[in-house]
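Heads up: numbering here begins at 1 and tracks the sequence. These numbers were taken from a predicted model, which means no experiment stands behind them.
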Amino acid sequence: MSKHLGSVLTTVNAPYSDQLDDAALAHCLADIELAKQHPGHVSALLGEVPLAQQVEFATAHHIAVEDLKAFAAKFSAWSGESYPLAA
């Protein structure tokens, strides 16, 4: 994993004892119900990680940018939070 992708996990996992690896986080981005089980991690990704790194992470895990945007919109609607990708 690249240094940039590693920093994504550092940001996402920092405040939580339940640490997600890159595969688990990618699965959350593909499954809204799974994402709801890790709302803080997903919110940190969508709200704190720079947009370019979000896209790089998704691309590295074979998630199309359009699918990531659609996911961000669904997660935003569920969480009530606003994320750049959901706009």
Side-chain angles (χ1 to χ4, degrees):
M1 180 181 328
S2 77
K3 183 178 180 180
H4 287 124
L5 294 181
S7 70
V8 168
L9 292 178
T10 299
T11 300
V12 167
N13 285 319
Y16 304 103
S17 60
D18 177 23
Q19 303 282 294
L20 298 181
D21 64 14
D22 63 316
L25 182 58
H27 287 299
C28 286
L29 300 179
D31 181 345
I32 190 74
E33 294 306 316
L34 182 58
K36 290 176 183 179
Q37 295 175 27
H38 302 282
H41 295 85
V42 174
S43 184
L45 175 75
L46 297 174
E48 297 175 30
V49 172
L51 187 58
Q53 286 182 314
Q54 292 178 45
V55 170
E56 182 182 5
F57 180 86
T59 301
H61 289 17
H62 310 289
I63 299 169
V65 174
E66 290 305 315
D67 291 342
L68 182 61
K69 287 180 179 180
F71 170 82
K74 285 182 196 175
F75 193 78
S76 178
W78 174 78
S79 69
E81 297 292 327
S82 178
Y83 305 109
L85 271 175

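If you chain together hydrophobic residues whose side chains sit under 4.5 Å apart, I32 and L25 fall into the same group. The hydrophobic cluster containing V55 does not contain V8, counting ILVMFWY residues as joined when their side-chain heavy atoms lie under 4.5 angstrom apart, directly or transitively.
For the pair N13 (side chain) and L9 (backbone), a donor-acceptor distance under 3.5 Å is present.
The structure places CD of Q37 at 13.0 Å from NE2 of H27, a figure rounded to the nearest 0.5 Å. Distance NZ/K36 to NZ/K74: 10.0 Å, rounded to 0.5 Å. Considering CG of L45 and CG of L68, their distance stands at 7.0 Å, rounded to 0.5 Å.
Closest approach of S43 to Y83, counting heavy atoms only: OG-OH, 2.9 Å. When all heavy atoms of Q54 and L46 are compared, the pair lying nearest together is NE2-O, 3.4 Å. Summarising the geometry of S76 relative to S82, their closest heavy-atom pair is OG-CA, 4.0 Å, with the distance given to 0.1 Å. A pairwise comparison of heavy atoms in A44 and V12 identifies CB-CA, 4.0 Å as the closest pair. Scanning both residues, T11 and P15, for their nearest heavy atoms gives O-CD, 4.0 Å.
In this structure the side chain of C28 never reaches within 4.5 angstrom of the side chain of H41, judged on heavy atoms. Between L29 and H61 the shortest side-chain heavy-atom distance does not fall below 4.5 Å.
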**Prompt:** What's the verdict on side-chain contact (heavy atoms from CB on, under 4.5 Å) for I63 and F57, showing C-alpha distance, side-chain angles and the deciding distance?
**Reply:** CA-CA 9 Å; I63 299 169; F57 180 86; 5.6 Å; no
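Considering only residues two or more places apart in sequence or on other chains, F75 meets the ring-ring contact (aromatic ring centres under 6.0 Å, His included) condition with F71, W78.
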